[in-house]
2 protein chains.
Amino acid sequence: MIEPQDRRELIVSCAAELFARRSVAATTVREIADAVGVLSGSLYHHFESKDAIVEAVLSGYLELIRAQYRQAISSGKTPAERVHALVLASLKIAEDQPYPTLIYQNEIHYLSESPQFAAVQKAAEEVQNTWLKVIEAGVRDGSFRKDLPARTFYRLIRDAVWLSVRWHRPGGKYSTEQLADDVTSIFLSGYLSASTEARTAKAPASKAPVSKTARAAAKG
Amino acid sequence: MIEPQDRRELIVSCAAELFARRSVAATTVREIADAVGVLSGSLYHHFESKDAIVEAVLSGYLELIRAQYRQAISSGKTPAERVHALVLASLKIAEDQPYPTLIYQNEIHYLSESPQFAAVQKAAEEVQNTWLKVIEAGVRDGSFRKDLPARTFYRLIRDAVWLSVRWHRPGGKYSTEQLADDVTSIFLSGYLSASTEARTAKAPASKAPVSKTARAAAKG
DNA sequence: GTCTATACATCGATAGAC
DNA sequence: GTCTATCGATGTATAGAC
């Protein structure tokens, strides 16, 4: 069951790890070839340049995001549920594809200056529009605040969610689902405690408004 | 009034812009020399290596953060006020030193692997402790929620705040102070509207709990 | 499809004249 | 303190044998 594309996939996979660990610019084609187990000249039978390897890493990754986001949106009914679904989908992608996620977060700024990566830029805009549509629908229907720019909310939650790939270790006790619940709860309900929030003893009962997962135990 | 240190500062400043725009690894000493207006060999009269230039850029920057954070903490009384002060201080630093901020956010992961930059790593830990102390004090005194990890809140707000250097343009209509208010409001009070939050028509009146700046007009 | 061998450019850094 | 000139290492990429 070994297909001809397997060699290509292996190169992409090895390169992604190196690009993520040491940056694209600092990774040499010889290092990629070493990781694959061939000599550097052999890579050029599969790719016409180092940049083509970078593009292969990112284009597959962005295609995955687009597919997962389409699913995520349809899984929620309310804007708050859809925000939670987008957060969870993003964290699952980061768990499944940590190296492309790291490359994208660390280097999109440099890469998008090269016309070589125009397709990458275009996919990124589609992802942004998906988020903005959900957020703006929530502002319109009264779910979300009208006194803050939707774009600011988008950029803050986007960066907080994706950068979690730098510190979150999915294998541990802090599961990806739990993190998604916590991120959504902070961004939608805030980190102020109930008493501080309302300045009265009125019960809020809505601190985790979209998730069905319960945290095992409150600490403190 | 031209001091001998001016040349060094100029090199650091030019290098910082190039490092931020094209990454440290992709920037050559010849490019730095071009920007300064000398030939590459002349740089080595002021610095013993390219890495020494990188270190000069970051060490001055991190010293600035430490000084500003000390001030920020003492400017607030409650944990919420101190969080707002740290957010504002961070955004002001990003406004004043956008290039070092970009370098730090984009490349800290790669740079901290080199023992050359151990001092940078140490300063980063002090900054993290400053945030955590404020947040944990808020959890203890009941200002902040006990049902979410303080560390998660720290990491989310840290990444959201610092990454704003990638999109926020301080010269425009959206001032740094306004952004600081919005960030603090979202992270402390959440993005859900009042009616959604409480599921009753109870007036919250505490959506922007720490800032004295009022947004000019609500939109929509 | 991988190897050997190498072309060619560019890198960081140095030596010594001025 | 800057220049000229250049070293040695290393980078991407190629050509042709196997």
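Quick caveat, the model's predicted, so the values are computed rather than measured. Throughout, protein chains are lettered first and strands after them, A, B, ... in sequence-line order, and every chain is numbered starting at 1.
In this structure, A:Leu43 atom CG and C:dT2 atom P are separated by 9 Å, rounded to whole Å. Rounded to whole Å, atom P of D:dT12 lies 12 Å from atom CG of A:Leu18. Atoms CD1 (A:Ile53) and C1' (D:dT12) sit 11 Å apart, rounded to a whole Å. Nucleotide D:dT12 holds its C1' atom 10 Å from the CG atom of A:Asp51, rounded to whole Å. Taking atom CD of residue A:Glu48 and atom P of nucleotide C:dG1, one finds them 17 Å apart after rounding to whole Å. Note: CZ (B:Arg8) to P (D:dT2) measures 13 Å, nearest angstrom. Rounding to whole angstrom units, NZ of residue A:Lys50 and C1' of C:dA9 are separated by 15 Å. In this structure, NE2 of A:His45 is placed 17 Å from P of D:dA13, rounded to the nearest angstrom.
The shortest distance between the side-chain N/O atoms of B:Tyr44 and the OP1/OP2 oxygens of C:dA13 is below 4.0 Å.
Between the side chain of B:Arg30 and the base of C:dT10 there is no donor-acceptor pair of N/O atoms closer than 3.5 Å.
Looking only at distances, no side-chain donor or acceptor of A:Gln71 sits under 3.5 Å from a matching main-chain atom of A:Gln68. At least one donor-acceptor pair closer than 3.5 Å links the side chain of B:Asn106 to the backbone N or O of B:Leu102.
A heavy-atom distance below 4.0 Å to DNA chain C is reached by these residues of residues 34-42 of chain A, ordered by number: A:Val38, A:Leu39, A:Ser42.
Classified by interplanar angle (parallel below 30°, tilted 30° to 60°, perpendicular above 60°), the ring pair B:Phe144/B:Phe153 is tilted. Note on ring orientation: taking the six-membered ring where Trp is involved, the planes of A:Tyr61 and A:Tyr104 are tilted (angle from 30° to 60°).
Counting heavy atoms from C-beta on, the side chains of A:Glu31 and A:Thr28 come closer than 4.5 Å.
Here the closest heavy-atom approach between residue B:Leu64 and residue B:Gln97 is recorded as CD2-CG, 3.6 Å.
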